[in-house]
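Reading through the structure tokens given below for one structure.
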Amino acid sequence: MYSAKAELEKAPKSFSVEKAHAAQRALSKHIITEDLLPNEICYVAGVDVAYTESQSIGGVVVINHSSLAVEESKIAYTTTKFPYIPTLLSFRELHPLLASIRKLELQPDVFLVDGHGLIHLNRLGLACHLGLILKAPTIGVAKGLLTGKVGEFVAGWAPITHEDSLIGVALLTGGSKNPIYVSIGHMVSLSRSMEIVKHYTKCHRIPKPLQIAHNLVTNEQRKLQKLERPTENSE
DNA sequence: GCGACAG
DNA sequence: ATCTTGTCGC
């Protein structure tokens, strides 16, 4: 029986980048690229992580899809145990994110994630990994490209391909010149992903749920740093 | 071989 | 991502 959590917990024991990549390739086979969202979406979540010297701050915000109102937001702190290694972002950010998501009372229809989904050398970016563990729909939204070829822009978007297969899109949003990169995380189609991201980027480059989640964890980070690092302004 | 590289 | 003041521009 498949268990994403069992797969994840193997890794730290005798960790190596090669083993982590192998685990990603194995996990990626379980990604569902079919639309399993309800036709009428009610709640969309945005998740993000910020850091202090030793703590990771995971945050999640739930937005009402039709009114755009914030319905719920949660924060969680975890000790940072894994460095940032390109291609292995999920090993760093998964735990703080899960800790915050576990606190939610509402169940979002889909999660927007600040990082790639299928646009990843092993087709298992943070958004995919999170989706597998949650067994919930996720969409990857990143501000920079790690891998993939950008096609020609038509009507505000360009395909991102890898070995002739479509793995995501570059989207010109909010009138910005720099695109954001959207890809399937889990249990949602690429066209539906684009549609949802567009709904939240009428006026801004970053989708509203992600922007609010980012503000949430950043504010919390500044509070923590004030406590950890008292003002050195003494007369 | 070297550099670049989601956050 | 984080460390950080002012500053150029729409």
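Sequence lines set the chain letters: A, B, ... in the order given, protein chains first and strands last, and positions in each chain run from 1. Side chains included, hydrogens not; waters and symmetry mates left out as well; all remaining heavy atoms used.
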Without decimals, in angstroms, what is the distance between [X] [atom1] and [N] [atom2]?
X	N	atom1	atom2	value
A:Gln55	B:dG7	CD	P	22 Å
A:Leu145	B:dC5	CG	C1'	10 Å
A:Glu53	C:dA1	CD	C1'	14 Å
A:Leu210	B:dA6	CG	P	16 Å
A:Asn219	C:dT2	CG	P	12 Å
A:Tyr51	B:dA6	OH	C1'	11 Å
A:Leu130	B:dA6	CG	P	19 Å
A:Ile57	C:dT2	CD1	P	8 Å

Just call it for [X]: base, sugar-phosphate, or nothing, with non-hydrogen atoms closer than 4.0 Å on any strand.
X	result
A:Tyr84	base
A:Ile180	nothing
A:Thr147	nothing
A:Gly144	sugar-phosphate
A:Ile119	nothing

| Which nucleotide, C:dC3, B:dA6, B:dG7, lies nearest any side-chain atom of A:Gln221? | C:dC3

| message | Looking at A:Glu195 and A:Arg192, is any side-chain nitrogen of the basic one under 4.0 Å from a carboxylate oxygen of the acidic one? | response |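 Salt bridge between A:Arg192 and A:Glu195, a charged N being under 4.0 Å from a carboxylate O: yes.
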
| message | Please confirm whether the shortest side-chain N or O distance from A:His214 to OP1 or OP2 of C:dA1 is below 4.0 Å. | response |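 For C:dA1, OP1/OP2 do have a side-chain N/O of A:His214 under 4.0 Å.
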
| message | Measuring to OP1 and OP2 of B:dA6, would you say a side-chain N or O of A:Lys143 lies under 4.0 angstrom away? | response |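 No.
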
| message | Around atom CZ of A:Arg222, are there more than 12 heavy atoms from other residues, nucleotides or ligands closer than 6.0 Å? | response | no

| said: Please give me the minimum heavy-atom distance between A:Asp35 and A:Ser189, naming the atom from each residue. | reply: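 Residues A:Asp35 and A:Ser189, closest heavy atoms: OD2-OG, 2.9 Å.
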
| Between A:Glu93 and A:Tyr51, does a side chain to side chain donor-acceptor pair (under 3.5 Å) hold up when you go through it step by step? | CA-CA 10 Å; A:Glu93 300 207 332; A:Tyr51 301 89; 2.8 Å; yes

| task | Give the C-alpha distance, both sets of side-chain angles, the deciding distance and a yes or no for side chain to side chain donor-acceptor pair (under 3.5 Å) between A:Gln211 and A:Tyr200. | result | CA-CA 10 Å; A:Gln211 185 61 59; A:Tyr200 290 104; over 6 Å; no

